[in-house]
Peer 1: 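I'd like to ask some things about the structure below.
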Amino acid sequence: MVGAGWDIVLADALSSPTLRVVGTGSAILGAVSGALGCFALLRRQSLVGDAVSHAALPGIALVFLLTGTKTSLGLLTGAALAGWLGMLFVQAIVRTTRLDDDTALGLVLAVFFGFGLMLLTFLQRKPKASQAGLDTYLFGQAATMLREDVVLLSCVGVVLIAIIALFWKEFILITFDREYASTVGYPVHRLEILLTVLLVGAITLGLRTVGVILMSAMIVAPAAAARQWTNRSHRMVGLAALFGAIAGASGAILSSLVPNLPTGPTIVLIATTWALASLLIGGRRGLVWQWLRRRVLQRKLAEEAVLIGLYDLALAHGDERRGHSEGAIRALSPHAVGVRGRLRRLKQEGMVEETSPGSWILSKKGRDEAKHLVEKSRETS
Amino acid sequence: MTNVQLEIQLVAVLVAVACALPGVYLVLRRAAMLSDAISHSILLGIVLAYFVVRDLSSPLLVIAAAATGVGTVWLVELLVRTRLVRSDAAIGLVFPTLFAVAVILISLYARSLHLDTDSVLLGEIAFAPFNRFEVAGRDLGPLSAWVMGGILLINVAFIALFYKELKLATFDPEFAAAQGFMPAAIRYALMTLVSITAVGAFDAVGSVLVVALMIAPAATALLISHRLGLVLAVAAAVAVWSALSGYWVAHVLDASIAGSMSTMCGIVFLLAYLFSPSTGLVAQVRRRQAVRMTFALKMLAVHLAQHERQPEAATENRAEHLTEHIRWTNDFAEKVVRRALSLGLIGQEDGKLFLTEKGRVLASESVIEDSV
C-alpha cells in the first residue's frame with residue numbers, strides 16, 4: 001500500500017538527524033521572520049522585505065570575491081550589510097526626490113540584484129574559484145544546512161526575538177500611532193532604525209533556506225495570515241511566529257524528502273497558501289463567514305418581506321382569514337424569486353398557514369411578528 | 001565588432017527601450033512594484049502553457065504569459081477590495097505564490113528543458129543570435145530582434161495613439177472618469193502592455209532584471225525633466241545607453257549581460273540623483289547654500305546699518321565680532337565678508353567694516369521687506 005510506504009518514509013525522515021537539523025533551522029527562521037513581518041505588515045512596508053532580500057545578493061557575492069570565505073557567518077554578514085545599504089538608498093531616494101517608495105523599492109531591488117548577478121556570473125567563470133553553494137542563495141537549499149548553521153540561526157534568532165520583547169511597547173506605539181509616540185518623547189526615528197535592522201537581520205537569516213527571490217513572502221505571508229485570526233497585537237505576533245515556524249519546518253522537510261523539490265518555493269507556497277486560506281476562513285472577518293452571514297441576513301430580510309406583504313394584504317382587504325396566492329405575495333415582495341420556499345419555511349416556524357393549497361394567511365404569531373416589524377420600521381424611518 | 005556582437009546589442013537596445021516606455025507610466029502611477037509582480041508571475045503562464053502545447057516557441061506561451069500578468073493585477077485588486085489586506089501585502093502575497101508554483105513545476109517536471117531556474121533569473125540574451133528568423137529559407141536576423149521590435153512598435157503606437165488618454169488617466173483618474181475616458185480600461189490596457197513587454201524581455205534578461213529596465217530609466221528621466229514627452233525621450237535614451245554600455249562591461253568582465261545592463265541603469269540613476277541640474281542632491285545643496293548666503297548678506301548689511309554712527313560701531317562693526325554677535329562660525333563669517341566685499345556691499349578700513357551706498361540700499365530694503 002502506498003499509504004503504508006509513506007508512513008515508513010516519514011518515520012524514517014523524522015528520526016533522521018539531518019532532517020531534524022534542517023527542520024529545526026527552518027522553523028526558527030520561519031518564526032523570526034513571521035514575528036518581525038507583523039511590524040512590516042502593520043506599517044504598510046510589506047514590500048520592504050522584497051527589496052532587502054534582493055539587495056543582499058551583491059553582499060554575498062562581494063564577501064566571497066574579496067575574502068574567499070564560504071562560511072555562513074561571513075556571507076550572511078555581507079548580505080546583511082548590503083541589504084541595509086539598499087534600505088538606506090530607498091529611504092534617501094524617498095526623502096530627497098519626488099519618486100514614491102514603490103519606485104525606490106523596485107529600483108533598489110532590481111539594480112542591486114542585477115549587480116549581484118553580474119558578480120556571481122563573473123565569479124562562476126573565474127578559474128579555480130568554485131562558487132558552489134553561492135547559487136543556493138537564489139532559491140534556497142535547506143538540505144545542506146549543518147549543525148553549526150542551526151546554532152548560528154538559533155543564536156541570532158533568540159537575540160532578535162529578545163529585542164522585540166524588550167522594546168515591545170515602543171514598537172507597538174510607533175507602529176500604531178507614530179505622532180503620539182514622538183509627541184510624548186520617544187526617539188521614534190531611532191526606534192524605526194532598530195526595527196529596520198531587526199527586519200534586515202530576519203531576512204538575512206532566511207536567505208540560506210528560502211533564497212533571495214522569495215524571502216519577502218516569509219515576511220508578508222505569516223503576518224497576513226495571523227492578522228486574520230486576531231485583533232490583538234501580541235497574539236498576532238505569536239501566531240505569525242507559529243505559522244512561520246510550521247511553514248518553514250514542513251516545507252524544508254518536504255523538499256528534502258521529494259527529489260528535485262526546491263526548498264524556498266515549497267516553504268513559500270505553504271506559507272502563502274495558508275495566508276490565502278486564512279483570508280477565506282480566518283476569524284470573524286473571513287470571506288467565507290462574511291458571505292455566509294450575508295446569506296443568512298438576506299434570507300431573514302426576504303422572509304420578513306413575505307410576512308409584511310401578507311400583513312399589508314390582510315389590512316387592504318380588511319379580512320384576516322382571507323387566503324392569498326403566491327402570485328399576490330410575489331408582487332409585493334422585493335425578492336420575487338424563492339417566495340414558495342420562504343412560505344414553506346415560515347409555515348414550519350408557525351408564522352403562516354395554508355388554508356387550502358396555494359392559499360396563504362398569517363397565523364396569530366405571524367401577525368404579531370409582522371405588526372412588530374412594521375412598527376419597528378416606522379420608528380426607524 | 002562581429003556580427004553576433006552587433007545582433008546581441010541590437011536585441012539589448014530593443015528590450016531596454018521597449019521596457020522603459022511603459023515603465024514611465026508605471027512609475028508615474030506609483031505602481032512600480034506591479035512590474036515586479038507581473039514579471040514574476042508570467043513565468044507560471046509560460047510553464048502552464050508549455051505543459052499544454054509542449055513547444056517552447058509556440059505563440060500560445062506568450063499569450064498565456066501575458067494573460068497571467070494581467071490576471072496578477074486583477075488578483076491584487078481583488079484582494080485589496082476585500083479590505084482584509086492592503087495593496088503592498090496583496091502584491092507580496094500574490095506574486096510569490098504564482099512564482100513559487102512555477103518554479104516547483106519546472107523543477108519537478110521540466111528539468112531537462114532549457115527553461116531552467118537559472119535562465120528564469122538571468123535570461124539568455126547572449127544566445128539571441130542563435131535563434132534565427134527565417135522566411136522561405138532566407139535568414140532575416142535573430143528572432144528575438146523581430147519579437148522585441150514588434151513589442152516596441154506596439155508600445156510606441158499605443159502611447160502615440162492614446163497619449164492624451166494615458167496622461168489624463170495617469171495624473172487625474174477621477175477627472176478622466178468624469179470626462180468619459182474610462183481610466184480603468186486604460187489601466188488594464190497599460191497592464192497588458194507591461195505584461196507583453198515583460199514576456200518578451202523575460203527571455204532576454206530574466207524576471208528580476210525586467211524590473212530594473214522598466215523602473216530605472218523612468219526614475220532617472222523623472223529626476224531630469226518634468227514634461228511627459230521629454231521624460232519618455234530621456235527614459236528611452238537612458239535605456240539605449242545602459243544596454244550598450246552594459247553589453248561592453250559584461251564583455252570585458254565575462255559576466256552576465258543582463259546583470260551588467262541593470263547595473264549600468266543603476267549607475268545612470270545614481271548620476272542623475274546626484275547631479276541632475278534641477279533635482280539632484282548637489283543642486284539641492286547648492287540652492288540651500290545660495291539661500292543661506294543671500295540671507296547672511298542681508299543680515300550683515302542690517303547689522304552694520306544698525307550700529308553705524310553709534311559709539312559702539314568701532315567694536316561691533318568688525319569682522320571678528322560677527323561670530324559673537326550673529327553667532328556665525330569664523331569660517332562662515334569670513335566667507336560672508338569676502339562675498340560682501342566682492343559684491344561691493346561693504347568696504348573695510350583697519351579691520352573696521354562699513355556699508356557702501358549699495359549696501360545701505362540692501363539693508364533698508366531688507367528691513368522694509370521684513371516689516372511688510
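In what follows, chains carry the letters A, B, and so on, assigned in the order in which the sequence lines appear, proteins first and then strands, with residues in each chain numbered from 1.
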Peer 1: Give the minimum heavy-atom separation between B:V103 and A:P262, together with the two atoms involved.
Peer 2: CG1-CG, 4.1 Å
Peer 1: Would you compute the distance between atom CZ of A:F89 and atom OH of B:Y273 and round it to the nearest 0.5 angstrom?
Peer 2: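 Taking CZ in A:F89 and OH in B:Y273, the distance rounds to 8.0 Å.
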Peer 1: Any side chain to side chain donor-acceptor pair (under 3.5 Å) pairs touching residues 100-116 of chain A, not counting sequence neighbours?
Peer 2: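 Checked against side chain to side chain donor-acceptor pair (under 3.5 Å) - neighbours excluded - the pairs reaching residues 100-116 of chain A are A:D100-A:T103.
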Peer 1: Using a 4.5 angstrom heavy-atom cutoff, name the option from B:V211, B:L84, B:L93, B:L34 with the most pairs to chain A.
Peer 2: B:L84
Peer 1: Take a 6.0 Å sphere around CZ of B:R287 and say whether it holds more than 12 heavy atoms from other residues, nucleotides or ligands.
Peer 2: yes
Peer 1: For the candidates B:H40, B:H226, B:M214, B:M264, which exhibits the highest count of non-hydrogen atom pairs separated by less than 4.5 Å from chain A?
Peer 2: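 Max contact count across the listed options: B:H226.
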Peer 1: Of all the residues in residues 106-116 of chain A, which have a heavy atom that comes within less than 4.5 Å of a heavy atom in chain B?
Peer 2: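 A:G106, A:L107, A:L109, A:A110, A:V111, A:F113, A:G114, A:F115 fall under the 4.5 Å cut-off.
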Peer 1: Quick check on B:L270 against chain A: is it the side chain, the backbone, both or neither that has a heavy atom closer than 4.5 Å?
Peer 2: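 Just its side chain gets close to chain A.
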Peer 1: Picking from A:L269, A:T273, A:V48, A:L119, which has the most non-hydrogen pairs under 4.5 angstrom with chain B?
Peer 2: A:L269
Peer 1: With B:R29, which residues qualify under side chain to side chain donor-acceptor pair (under 3.5 Å), at least two apart?
Peer 2: none
Peer 1: Please report the closest heavy-atom contact between B:G259 and A:M118, naming both atoms and the distance.
Peer 2: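 Nearest heavy atoms, B:G259 then A:M118: C-CB, 4.0 Å.
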Peer 1: In terms of heavy-atom proximity below 4.5 Å to chain B, should A:A223 be classed as side chain, backbone, both, or neither?
Peer 2: neither
Peer 1: Which bit of A:A224 is near chain B, if near means a heavy-atom gap under 4.5 Å: side chain, backbone, both or neither?
Peer 2: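 Looking at A:A224, just its side chain touches chain B.
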Peer 1: Under a 4.5 Å cutoff for heavy-atom pairs, which residue among B:L281, B:I215, B:I91 has the most contacts with chain A?
Peer 2: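 Ranked by contacts with chain A, first place is B:I215.
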Peer 1: Check whether A:R227 reaches the backbone of B:V85 with its side chain - one donor and one acceptor, N or O, closer than 3.5 Å.
Peer 2: no
Peer 1: Among side-chain atoms of A:T272 and B:T97, is any donor-acceptor pair under 3.5 angstrom?
Peer 2: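 Their side chains do contain a donor-acceptor pair, which is all the 3.5 Å distance test asks for.
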Peer 1: Tell me, side chain or backbone of B:I267 under 4.5 Å from chain A's heavy atoms, or both, or neither?
Peer 2: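 Neither part; nothing is under 4.5 Å.
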Peer 1: Could you look at B:R86 and say if it's the side chain, the backbone, both or neither that has a heavy atom under 4.5 Å from chain A?
Peer 2: side chain
Peer 1: Looking only at atom types and distance, does a side-chain atom of B:D88 sit under 3.5 Å from a main-chain N or O of A:L47, one as donor and one as acceptor?
Peer 2: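 It does not hold such a pair.
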Peer 1: Closest approach of B:A100 and A:V268, non-hydrogen atoms and distance?
Peer 2: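 Shortest heavy-atom contact: CB-CG1, 4.3 Å.
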Peer 1: Taking side chain as everything from C-beta outward and backbone as N, CA, C, O, which of these in A:L42 sits under 4.5 Å from a heavy atom of chain B? Side chain, backbone, both or neither.
Peer 2: backbone
Peer 1: Between A:F139 and B:F99, what is the ring plane arrangement, given parallel below 30°, perpendicular above 60°, and tilted in between?
Peer 2: parallel
Peer 1: Please name all residues satisfying ring pair (Phe, Tyr, Trp, His ring centres under 6.0 Å) with B:Y25, sequence neighbours left out, ordered by chain then number.
Peer 2: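 Ring pair (Phe, Tyr, Trp, His ring centres under 6.0 Å) check on B:Y25 returns nothing, list empty.
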Peer 1: Would you mind checking which part of A:P259 comes under 4.5 Å of any heavy atom in chain B, side chain (CB onward), backbone (N, CA, C, O), both or neither?
Peer 2: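 Backbone of A:P259 only, per the 4.5 Å heavy-atom cut-off to chain B.
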Peer 1: From B:I104 CD1 over to A:N260 CG, what is the distance, rounded to the nearest 0.5 angstrom?
Peer 2: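 Output value for this atom pair is 12.0 Å.
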Peer 1: Which of the residues B:A255, B:A31, B:A258, B:A212 is involved in the greatest number of heavy-atom pairs with chain A at under 4.5 angstrom?
Peer 2: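 Going by pairs under 4.5 Å, I would pick B:A255.
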Peer 1: Less than 4.5 Å to any heavy atom of chain A: does that hold for the side chain of B:D36, its backbone, both, or neither?
Peer 2: side chain
Peer 1: To check you understand the geometry: which heavy-atom pair defines the closest contact between B:A89 and A:V220, and what is its length?
Peer 2: O-CG1, 3.7 Å
Peer 1: Determine whether B:F95 and A:D50 make a side-chain contact, defined as any pair of heavy atoms from C-beta on separated by less than 4.5 Å.
Peer 2: yes
Peer 1: Let me confirm one number: the CG-OG1 distance from B:L108 to A:T266, rounded to the nearest 0.5 Å.
Peer 2: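 So the CG of B:L108 and the OG1 of A:T266 are separated by 8.0 Å.
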Peer 1: Could you state the interatomic distance from CG (A:L117) to CD1 (B:I257), rounded to the nearest 0.5 Å?
Peer 2: 13.0 Å
Peer 1: Pick whichever of B:T279, B:L79, B:L213, B:L209 has the most heavy-atom pairs under 4.5 Å with chain A.
Peer 2: B:L209
Peer 1: Give a yes or no on whether A:R98 atom CZ has more than 12 heavy-atom contacts from other residues, nucleotides or ligands under 6.0 Å away.
Peer 2: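 Counting other residues, nucleotides and ligands, CZ of A:R98 exceeds 12 neighbours.
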Peer 1: Please flag which part of B:A102 lies under 4.5 Å from any non-hydrogen atom of chain A: side chain, backbone, both or neither.
Peer 2: neither
Peer 1: With only heavy atoms counted, which part of A:L41 is less than 4.5 Å from chain B, the side chain, the backbone, both or neither?
Peer 2: both
Peer 1: Which atoms of A:L279 are under 4.5 Å from chain B, going by heavy atoms: the side chain, the backbone, both sets, or neither?
Peer 2: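 Its backbone and side chain both get close to chain B.
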Peer 1: Tell me, side chain or backbone of A:I213 under 4.5 Å from chain B's heavy atoms, or both, or neither?
Peer 2: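 Side chain only.
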